Amino acid sequence: MGWFGVQSSSILVAVSMIFSWMYLGNTTVNVHGKTSRNKMLKMGKCDIYEGSWVVDETYPMYNSSSCPYIRKEFNCQKYGRPDQLYLQYRWQPRDCDLPGFDGKDFLRRFKGKKIMYIGDSLSLNHWQSMVCLLHVVVSDQSRILQETNDTISTFIFQDYDLSVMLFHSQYLVDIENEQNCRILKLDSLKNGEIWKNIDVLVFNTWLWWYRRGPKQPWDYIQDGDNILKDMDRMLAFRKGLMTWAKWVDLEVDLTKTQVFFQGISPSHYNGKEWGKPGVTNCSKETQPINGSTYPAGLPPASHVLEEVLGSMTKPIHLLNVTNLSQLRKDAHPSTYNGLGNMDCTHWCLPGLLDTWNQLLYTTLIS
């Protein structure tokens with residue numbers, strides 16, 4: 001099955017001991033070759049996920065032509081997108097400033113470490129952003145090694161012994177073949193044996209839970225001892241997340257591994273959500289929504305995700321990107337991709353996902 005599918009409140013599910021006081025003080029941070037002074041960022045007073053998009057002429061963080069790894073599905077400039085303004089938006093939290101993404105600092109800090117993105121094609125999208133952000137600061141490109149097998153793709157930055165990895169998993173829980181049937185097992189998570197030994201884990205699932213028809217990658221759902229032809233998909237999503245949450249609580253050592261869950265990534269196929277009834281895709285959208293609130297509110301899946309994360313005994317980080325991404329109806333490939341189809345689910349690179357990784361970096365360096 002291929003990578004591509006068709007398709008938070010501001011609560012942070014971060015550990016208070018990690019996120020309660022984040023000092024970025026009066027130090028200077030290198031931002032895309034420029035110097036930016038950041039005021040003190042205290043997580044008790046500033047939610048980095050509440051804010052708005054502002055134009056910044058120093059953006060984008062890299063050029064698509066300088067990163068040879070961008071897949072054709074995400075390379076909007078290469079495939080003819082005529083506008084440029086979508087590249088120049090920076091996320092500005094309401095009560096503080098973010099540190100710029102410093103690729104060289106990231107490579108030094110995580111020397112000898114393994115970072116893994118786990119999920120569907122949005123995790124692929126997210127992972128490629130990180131690879132590009134790091135690639136552009138490496139002077140000797142021959143020192144970047146790429147390895148791929150059936151489920152894991154890895155970029156190794158050899159001078160730093162840093163591996164940035166992608167694990168393909170549409171549901172996180174398992175799909176198994178039994179008696180010529182593909183069964184989605186809501187209470188089984190066997191790949192955890194691979195995941196739990198990684199230093200930083202970034203999980204994601206949602207895109208495939210409502211997939212139906214011939215591209216649905218399973219025939220039956222197993223819920224406990226019951227094997228069903230189908231069930232309420234939101235309930236199935238919740239049960240799958242609970243299996244993942246129990247695995248983290250039982251198996252992951254948070255003194256060795258940092259765990260993130262990427263918030264629900266929105267799509268933009270319904271203009272009614274942003275005040276344009278009758279619009280059915282993102283093809284003519286060239287600017288974000290003004291302000292800090294998406295008119296339609298958060299999707300139901302975001303509330304399910306937050307409830308599950310809130311039930312865990314081990315605190316993990318919610319990369320709470322849903323609302324800030326909902327504002328970016330302009331940031332999708334639409335038809336400017338190598339496939340020629342309308343895509344208002346994934347995101348152009350460079351673009352929004354570089355901000356997701358900036359927020360990930362902000363959390364990690366705290």
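Bear in mind the structure is a predicted one, so any value in this text is a computation, not a measurement.
For the pair Q128 (side chain) and R71 (backbone), a donor-acceptor distance under 3.5 Å is present. Put simply, the side chain of D199 never gets that close to the backbone of I115: no donor and acceptor are under 3.5 Å apart. Side-chain atoms of Q216 come within 3.5 Å of backbone N or O of W218 as a donor-acceptor pair. The backbone N or O of L359 sits less than 3.5 Å from a side-chain atom of T363, completing a donor-acceptor pair. Judged by distance alone, with hydrogens and angles left aside, the side-chain atoms of N337 form a donor-acceptor pair with the main-chain N or O of G340 at under 3.5 Å. Using modelled atom types, one side-chain atom of Q222 and one backbone atom of G224 make a donor-acceptor pair closer than 3.5 Å. Formation of a donor-acceptor pair under 3.5 Å by the S66 side chain with backbone atoms of Y62 is not found in this model. Checked by atom type and distance alone, the side chain of Q358 pairs as donor or acceptor with a backbone atom of P99 at under 3.5 Å. Between the side chain of K111 and the backbone N or O of D161, no donor-acceptor pair lies under 3.5 Å. A donor-acceptor pair under 3.5 Å is absent between the side-chain atoms of E57 and the main chain of Q88, judged by distance alone.
The cluster map of Ile, Leu, Val, Met, Phe, Trp and Tyr, joined by side-chain heavy atoms under 4.5 Å apart, puts L186 and L235 in the same cluster. Grouping the Ile, Leu, Val, Met, Phe, Trp and Tyr side chains by contacts below 4.5 angstrom, directly or via other members, places Y59 with V55. Under the 4.5 Å side-chain heavy-atom criterion for ILVMFWY residues, a single connected hydrophobic cluster contains both L85 and I289. A single hydrophobic cluster is not seen to contain both I152 and I156; linkage of ILVMFWY side chains at heavy-atom distances under 4.5 Å, directly or through other members, places them apart. Both W208 and L184 are part of a single hydrophobic cluster, where members link through side-chain heavy atoms under 4.5 Å apart.
Taking a cutoff of 4.0 Å between a charged side-chain nitrogen and a carboxylate oxygen, K196 and E193 qualify as a salt bridge. Taking a cutoff of 4.0 Å between a charged side-chain nitrogen and a carboxylate oxygen, E178 and K185 qualify as a salt bridge. At a threshold of 4.0 Å, the pair D102-K104 does not count as salt-bridged, since none of the basic side-chain nitrogens sits closer than that to a carboxylate oxygen. Using a cut-off of 4.0 Å between Lys/Arg side-chain N and Asp/Glu carboxylate O, D330 and R328 are scored as salt-bridged. Between E307 and R238, at least one side-chain N (NZ, or NE/NH1/NH2) sits under 4.0 Å from a carboxylate O, which counts as a salt bridge. With salt bridges taken as basic N to acidic carboxylate O contacts below 4.0 Å, none links D174 and K190. Looking at D223 and K239, a side-chain N of the basic residue comes within less than 4.0 Å of a carboxylate O on the acidic one, giving a salt bridge. Salt bridge absent: D47 and R94 never bring a charged side-chain N and a carboxylate O closer than 4.0 Å.
At least one side-chain heavy atom of Y89 sits under 4.5 Å from a side-chain heavy atom of Q287. Within the 4.5 Å cutoff, no side-chain heavy atoms of P93 are placed close to those of E50. You'll find the side chain of V304 stays beyond 4.5 Å of the side chain of W206, heavy atoms only. Side-chain contact check for W274 versus E285: some heavy-atom pair is nearer than 4.5 Å. No side-chain heavy atom of H346 sits under 4.5 Å from any side-chain heavy atom of E73. Put simply, the side chain of T345 reaches to within 4.5 Å of the side chain of Y269, judged on heavy atoms.
Checked by atom type, the side-chain pair Q141/R143 shows no donor-acceptor distance below 3.5 Å. Side-chain N/O atoms of E273 and Y294 include a donor and acceptor closer than 3.5 Å. For the residue pair W91 and Y49, no side-chain donor N or O sits within less than 3.5 Å of a side-chain acceptor on the partner. Checking T255 against D253 by side-chain atom types alone, a donor-acceptor pair falls below 3.5 Å. Judged by distance alone, the side chains of D56 and Q92 never bring a donor and an acceptor atom under 3.5 Å apart. For the residue pair H268 / H332, a side-chain donor-acceptor distance below 3.5 Å is found, with atom types taken as modelled. With no hydrogens or angles considered, a side-chain donor-acceptor pair links Y361 and D105 at under 3.5 Å. Side-chain contact of Q77 with Q84: a donor-acceptor pair under 3.5 Å is present, judged by distance alone. The closest side-chain donor-acceptor pair between S123 and N204 falls under 3.5 angstrom. Between the side chains of S129 and N357, a donor-acceptor pair is found at a separation under 3.5 Å.
Partner of H126 under the ring-ring contact (aromatic ring centres under 6.0 Å, His included) criterion, chosen from Y117, F203, W347: Y117. Among V200, L166, I198, N197, the one residue that satisfies the side chain to side chain contact (heavy atoms under 4.5 Å, CB included) test with M116 is I198. Partner of T205 under the side chain to side chain contact (heavy atoms under 4.5 Å, CB included) criterion, out of V173, L122, L241: L241 alone.
Ring pair F261/H317: centre-to-centre distance not below 6.0 Å. Not less than 6.0 angstrom separates the ring centroid of F110 from the ring centroid of Y160.
Closest of all the heavy-atom pairs between A301 and F237 is O-CE2, 3.8 Å. Among all heavy-atom pairs drawn from L353 and L349, the shortest one is CB-CD2, 4.1 Å. Considering every non-hydrogen atom in both L305 and G263, the closest pair reads CD2-CA, 4.0 Å. Minimum heavy-atom separation, Q326 to P299: NE2-CD, 3.5 Å. Between D187 and T243, the shortest heavy-atom distance links the atoms CA-OG1, 3.3 Å. Residue V164 comes nearest to W127 through the heavy atom pair O-NE1, 3.0 Å, listed as atom of the first residue, atom of the second, then distance.
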Step-by-step side-chain contact (heavy atoms from CB on, under 4.5 Å) determination, I183 to D219: CA-CA 6 Å; I183 302 177; D219 304 303; over 6 Å; no
Step by step, work out the side-chain contact (heavy atoms from CB on, under 4.5 Å) result for C132 and I70. CA-CA 8 Å; C132 287; I70 302 175; 3.6 Å; yes
L360 and Q262: side-chain contact (heavy atoms from CB on, under 4.5 Å), yes or no, with the steps? CA-CA 10 Å; L360 175 65; Q262 173 208 300; over 6 Å; no
Show the numbers, then the answer: is there a ring pair (Phe, Tyr, Trp, His ring centres under 6.0 Å) between Y79 and Y336? CA-CA 5 Å; Y79 289 96; Y336 299 108; 9.9 Å; no
Kindly indicate, with the supporting measurements, whether the criterion side chain to side chain donor-acceptor pair (under 3.5 Å) is fulfilled by S65 and N63. CA-CA 5 Å; S65 60; N63 294 317; 5.1 Å; no
Using the rule given for salt bridge (charged side-chain N to carboxylate O under 4.0 Å, His left out), can you reason through D230 versus R212, listing the C-alpha separation, both sets of side-chain angles and the distance that settles it, and then say yes or no? CA-CA 10 Å; D230 208 342; R212 302 178 189 274; 3.0 Å; yes
V321 and L352: side-chain contact (heavy atoms from CB on, under 4.5 Å), yes or no, with the steps? CA-CA 10 Å; V321 296; L352 169 69; over 6 Å; no
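More than 12 heavy atoms of other shown residues, nucleotides or ligands fall within 6.0 angstrom of atom CG in D232. Within a 6.0 Å sphere centred on NZ of K78, heavy atoms belonging to other residues, nucleotides or ligands number 12 at most.
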